[in-house]
Amino acid sequence: MQLTEATWTDADGLDTDLALLPVGSTEQHGPHAPLGTDHLTARAVAANAADVREENDEEIVVAPAIPVGIAEEHRQFTGTLWVSPDSFREYVRDVLTSLASHGWRKIVVVNGHGGNVGALREVCADVTRHEEAYAVPFTWFDAIGATEMGHGGPVETAMLRATDPELVRDERIGEASAGASDRWGEWVSGTNLAFDSAEFTDNGAVGDPGEGTIERGEELLEEATTALVTLLDAVDERDRA
């Protein structure tokens with residue numbers, strides 16, 4: 001059940017303790033991909049996993065996506081929004097505890113932004129230790145081992161072609177590829193000298209988005225959905241007593 005589309009009485013009638021909370025970012029993804037890439041892809045993976053469960057008559061709640069995360073590293077690119085790590089952790093924690101208050105006490109946070117990973121692990125641990133809830137983070141591209149991830153590169157561009165194809169600016173793919181960097185950061189002796197993406201990429205992209213095909217995107221979406229469904233089964237069966 002998508003909470004944004006349900007009434008409170010619909011929600012009250014659910015017989016489940018499982019919930020999904022999509023989380024992402026609003027940040028630049030090169031000249032060809034939307035600022036909302038990270039929360040759009042997280043929301044799509046969550047929705048697909050919920051559909052799989054519901055096809056098997058297994059109810060689940062899907063909360064509204066949190067669209068702004070820890071993204072100050074993209075601050076030089078217009079339209080990027082960010083909050084402090086402390087604000088992000090507190091906000092996510094409050095949403096998790098409000099879900100738990102309605103009995104949805106087993107929650108998987110479906111994340112689409114690398115900058116959120118550390119904070120989500122911390123806040124899920126805090127909620128699990130100190131509240132009557134069990135929360136775990138799931139970052140879709142880490143779950144499927146997408147090593148060519150980049151940023152606005154082949155993986156995210158491909159995923160968008162599968163989830164929101166109308167938002168990919170095809171006429172700008174060549175521009176995005178020409179201005180993209182080959183890797184994330186400036187590395188010396190195992191240390192990234194760059195704190196902001198503008199230090200190493202001219203247009204915000206990392207990796208060649210031209211390699212992000214619809215076929216690859218459909219594969220990624222299927223792999224991410226399968227991984228999330230597997231995790232949900234484990235969370236559902238886990239005894240936290």
Using every non-hydrogen atom in the two residues, find where [X] and [Y] come nearest and quote the distance to one decimal.
X: Ala135; Y: Thr128; answer: N-OG1, 3.0 Å
X: Pro22; Y: Ala46; answer: CG-CB, 3.9 Å
X: Phe88; Y: Ala119; answer: CD2-CB, 3.9 Å
X: Cys124; Y: Val109; answer: SG-CG2, 3.8 Å
X: Thr157; Y: Gly212; answer: CG2-O, 4.1 Å
X: Ala180; Y: Gly207; answer: CB-O, 3.5 Å

Is there a path of hydrophobic side-chain contacts, each under 4.5 Å between heavy atoms, that joins [X] and [Y]?
X: Leu99; Y: Val92; value: yes
X: Val117; Y: Val127; value: no
X: Ile60; Y: Val52; value: no
X: Leu21; Y: Val108; value: no
X: Phe138; Y: Leu120; value: no

Does any N or O in the side chain of [X] come within less than 3.5 Å of the main-chain N or O of [Y], such that one atom is a donor and the other an acceptor?
X: Asn203; Y: Ala205; answer: yes
X: Asp10; Y: Thr7; answer: yes
X: Lys106; Y: Asp17; answer: no
X: Ser197; Y: Gly204; answer: no
X: His32; Y: Gly152; answer: yes
X: Asp208; Y: Gly210; answer: yes
X: Thr26; Y: Val68; answer: no
X: Thr37; Y: Pro34; answer: yes
X: Asn192; Y: Glu186; answer: yes
X: Arg172; Y: Pro31; answer: yes

Atom pair [atom1] ([X]) and [atom2] ([Y]), whose distance is rounded to the nearest 0.5 Å:
X: Phe195; Y: Glu72; atom1: CZ; atom2: CD; value: 11.5 Å
X: Asp57; Y: Glu55; atom1: CG; atom2: CD; value: 10.0 Å
X: Ile144; Y: Leu228; atom1: CD1; atom2: CG; value: 11.5 Å
X: Leu221; Y: Thr226; atom1: CG; atom2: OG1; value: 9.0 Å
X: Leu160; Y: His29; atom1: CG; atom2: NE2; value: 8.0 Å
X: Thr225; Y: Leu220; atom1: OG1; atom2: CG; value: 10.5 Å

Item to check | NZ/NE/NH1/NH2 to OD/OE distance under 4.0 Å, Glu131 and Arg93 | outcome: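 Result for this pair is yes, salt bridge flagged.
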Taking side chain as C-beta onward, heavy atoms only, is [X] less than 4.5 Å from [Y]?
X: Arg169; Y: Glu175; answer: no
X: His74; Y: Ser25; answer: no
X: Asp38; Y: Asn116; answer: no
X: Ser181; Y: Val206; answer: yes
X: Val62; Y: Val110; answer: no
X: Ile66; Y: His39; answer: no
X: Arg53; Y: Leu18; answer: yes
X: Arg161; Y: Thr213; answer: no

Next on the checklist: With a sphere of 6.0 Å drawn around CD of Glu59, does it hold more than 12 non-hydrogen atoms of other residues, nucleotides or ligands?
Outcome noted: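 Count over threshold, so yes.
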Checklist entry - Do you know which of Leu167, Val45, Leu35 makes side-chain contact (heavy atoms from CB on, under 4.5 Å) with Leu40? => result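 The passing option is Leu167.
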Checklist entry - Do Met159 and Glu156 pass the side-chain contact (heavy atoms from CB on, under 4.5 Å) test, and can you show the C-alpha distance, the side-chain angles, and the key distance before you say yes or no? => result CA-CA 5 Å; Met159 188 67 142; Glu156 288 182 306; 5.5 Å; no
Next on the checklist: Parallel, tilted or perpendicular: which one describes the rings of Trp184 and Phe200, with boundaries at 30° and 60°?
Outcome noted: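 Rings of Trp184 and Phe200: perpendicular, as their planes differ by over 60°.
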Item to check | Worked verdict on Leu232 versus Leu20 for side-chain contact (heavy atoms from CB on, under 4.5 Å) | outcome: CA-CA 9 Å; Leu232 283 168; Leu20 293 169; 3.8 Å; yes
Checklist entry - Tyr91 and Val83: side-chain contact (heavy atoms from CB on, under 4.5 Å), yes or no, with the steps? => result CA-CA 10 Å; Tyr91 190 91; Val83 294; over 6 Å; no
